[in-house]
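Contents: one structure, followed by commentary.
Each chain gets a letter, A, B and so on, in the order its sequence line appears, and its residues count up from 1.
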Amino acid sequence: MPRYTLPDGSMQEFAAPATVANIATAIGAGLARAAVAGRVDGCLVDLDTPVANDAAIEIVTPTSAEGLEILRHSTSHLMAHAVKELFPTAQVTIGPAVADGFYYDFDYERPFTPEDLTTIEARMEEIARRDLPVVRQVMGRDEAMAWFHSIGEHYKAEIIADIPADQTISLYRQGEFMDLCRGPHVPSTGRLKVFKLTRLAGAYWRGDSKNKMLQRIYGTAFPDKKALTAYLTLLEEAAKRDHRRLGKELDLFSIQDDAGGGLVLWHPMGARIRQTIEDQWKQAHREAGYEFLFTPHMANLDLWRTSGHLDFYRESMFNPMTVDEQAYQIRPMNCPFHILVFRSKIRSHRDLPMRWAELGTVYRYEMSGVLHGLFRVRGFTQDDAHIFCRESQIEEEISAILDLTLQTLRTFGFARFEINLSTRPEKSVGSDAIWEKATAALRGAITHHGLEYIEDAGGGAFYGPKIDVKITDAIGRKWQCSTIQLDFNLPERFDIGYIGEDGSRHRPIMIHRALMGSLERFFGILIEHYAGHFPLWLAPVQAVVLTITEAHNDWAVEVARRLRVAGLRVETDLRNQKVGYKIREHAMRKTPWLLIVGEREQAEGAVSPRDRHGKEFGLIPVEEMIQRMSQEIDARN
RNA sequence: GCCGACGUAGCUCAAUCGGCAGAGCAACGGAUUUGUAAUCCGUAGGUUCGGGGUUCGAUUCCCCGCGUCGGCUCCA
């Protein structure tokens, strides 16, 4: 008499071993209908799996992350099934669920077309209507390989060869279609109702550019129509916020062939925003006890040899140039220069910690195909800093950096963070002792802030552990900008040291950190986060004074002058146009405040403000308006 | 770099089967003196991404190049 424990602690008792589906039915018909798989003592299984003994049972539905993943994975099989029916000579390869849906890679003699996608989708719907049971079966390794070879699915056979010997080889059959898969899967194709094929792409077999290029079809699936619609709406919203589009519309920046791909030209309005960002950054760093450095954009190649970049970073570097028969390298990083400054004289333990920041522009070679607006470029400015400190100072410094990081990100309107701690990888430099000590210090700094974190064991760089901070934007997308990395390698390579209290020479700890990462990329993220509606303190034009008729020009100019004196970025619009015309234009430029001046305003020394949402405020004296705007700006922190 | 799609005026887009390259917005000129998201009239604007080919004739078809966009890690 097996007894099954449910997540809420209650029990279900059966006379004989039941399947997961039976248990779901016993709990409720609605749950049974929604169920896609089960979790038995923590392991995901198909619904028709019998559970012989007492066990903890959980019914998995598409409302959970793993249930949705199963739904999508099953939909990818459905797609492969449809493709095999329509194009029998296509070979199936792999087809997992991914973040927003799923994909399946095929090897086929000709490229698929967008029309094929429509056909495949229609066939998928048809197969779903057949409501074919999806059945798991286990096969011997050799038998499975032979069978896949016999039906011409050589990729599948190759995959089997790579599956560890201790793992069971399972296959899933739906009608005539049988695919190698670990599972679990939905019980029948009829369960797949809401899906959509989204795009075609090339993808290398096993992600390796040395291998054959396969054809990838992306799609997505959801538990219900509403969720799919919501997803498509999000995509539209993201497209509306696209920084490349807004960058053009608002005249913020451009990237032109005449200069080169991945090289950003900041136009005046974009440059204003950047200056505001930089001012904010500098102020925060001064307050946090940083000094600023300026270092060159290129250096003798030997410097990069010493730093080791020439060995392990070469494919991201531009080729060196020749200067007076010497090789020079445009910089992909700033750190070696900061080390040279450190090394320029003898340092005492009393000097430490030293915090040196630089808005350092670097150049990195990116393959032409990966360049993408401001997000992936070849020249960008890092808000870089290096802290040289003693071992005993690590935790305190990391803690201070975390403070500065979160404070900075909050200022820019990000409130949700995800913190990742990456620890020692297999290949690494530095002693066990220092790794342990440093990792503990990082962990300590995070918990000291009362923050949650995700530990990525073995995910650190070879030269030290690190903390990465991800932010969530206004439409829920995550971006990693901030990084705090310990470095046990460069101090060694450059043989830097300080004189300790004991009079002997010690190796300092070096911390690399960037809060925004790349100014270009961060700017792109800000544009999309705010959808171009920058908060007042960042807006390139904070207010436009616009007149009703020419009779009010003098007053408009005077209003603008007073705002400007108060430190506000203001323009006038004196054109002989109707107010509606001018309002529309400035509204489209997303100007936060429009200050309308006419007869009444002029007579009373006032303006009639209109905010970016179209809200009107009546007559307000100029000085009061200045005060209101100043308060709005000060509220950013 | 590789696979696929795309490339027409500053922007957004049209141009039937291969037959005179167009519209709206923006720009410029003029009129209008206007109260909360587009006043009217006019003018100008083109190497149809570049090069080559097929053709009487190419924005259109073919080849090469350049660029843009979507992808190329997420394990069967």
Checklist entry - Using the P atom in both, what is the distance from B:A15 to B:C2, to the nearest Å? => result 32 Å

Checklist entry - Among residues 605-620 of chain A, which contact RNA chain B at a heavy-atom distance under 4.0 Å? => result A:S608, A:R610, A:E616

Next on the checklist: If I pick the C1' atom on B:G45 and the same atom on B:G22, what distance separates them, to the nearest angstrom?
Outcome noted: 13 Å

Checklist entry - OP1 or OP2 of B:A76 sitting under 4.0 Å from any side-chain N/O of A:R182? => result yes

Checklist outcome for this item: Taken in chain and number order and not counting sequence neighbours, the residues that satisfy side chain to side chain contact (heavy atoms under 4.5 Å, CB included) with A:P62 are A:V36, A:L71, A:P223

Item to check | Distance in Å, A:F318 CZ paired with A:E366 CD, rounded so as to fall on 0.5 Å steps | outcome: 8.5 Å

Next on the checklist: With rounding to the nearest 0.5 angstrom, report the CZ to CZ distance, A:R612 to A:R589.
Outcome noted: 13.0 Å

Checklist entry - Which residues in residues 69-97 of chain A have at least one heavy atom lying under 4.0 Å from any atom of RNA chain B? => result A:H73, A:I94, A:P96

Checklist entry - Is A:E601 side chain donor-acceptor paired with the B:G35 base, going by distance under 3.5 Å alone? => result yes

Checklist entry - When you check the gap from the basic side-chain N to the acidic O, do A:R628 and A:E632 get nearer than 4.0 Å? => result no

Next on the checklist: Counting only side-chain nitrogens and oxygens, does A:S368 get under 4.0 Å of the OP1 or OP2 atom of B:G1?
Outcome noted: yes

Next on the checklist: Base, sugar-phosphate or nothing for A:G598? Non-hydrogen atoms, less than 4.0 Å.
Outcome noted: base

Checklist entry - Does NZ or CZ of A:R72 lie under 6.0 Å from the centre of the six-membered ring of A:F102, at an angle within 45° of the ring axis? => result no

Name the pairs: protein N/O against N/O of nucleotides 25-28 of chain B, kept only if under 3.5 Å.
none

Next on the checklist: Less than 4.0 angstrom between a side-chain N/O of A:H372 and OP1 or OP2 of B:G70, yes or no?
Outcome noted: yes

Checklist entry - Distance between the C1' atoms of B:A58 and B:U16, in whole angstroms? => result 16 Å

Checklist entry - Contact class for A:Q215 (heavy atom, under 4.0 Å): base, sugar-phosphate, or nothing? => result nothing

Next on the checklist: Suppose we call a contact any N or O donor and acceptor under 3.5 Å apart; does that hold for the side chain of A:Y204 and the base of B:G71?
Outcome noted: no

Checklist entry - Would you call the rings of A:H309 and A:F312 parallel, tilted or perpendicular if under 30° counts as parallel and over 60° as perpendicular? => result tilted

Checklist entry - Reading nucleotides 59-64 of chain B 5' to 3', which nucleotides get B (base under 4.0 Å from a protein heavy atom), which S (sugar-phosphate only), which -? => result ------

Checklist entry - Heavy atom of residues 236-257 of chain A under 4.0 Å from RNA chain B: which residues? => result A:R244, A:D257

Item to check | Sugar-phosphate only, base, or nothing, as touched by A:E153 at under 4.0 Å among non-hydrogen atoms | outcome: nothing

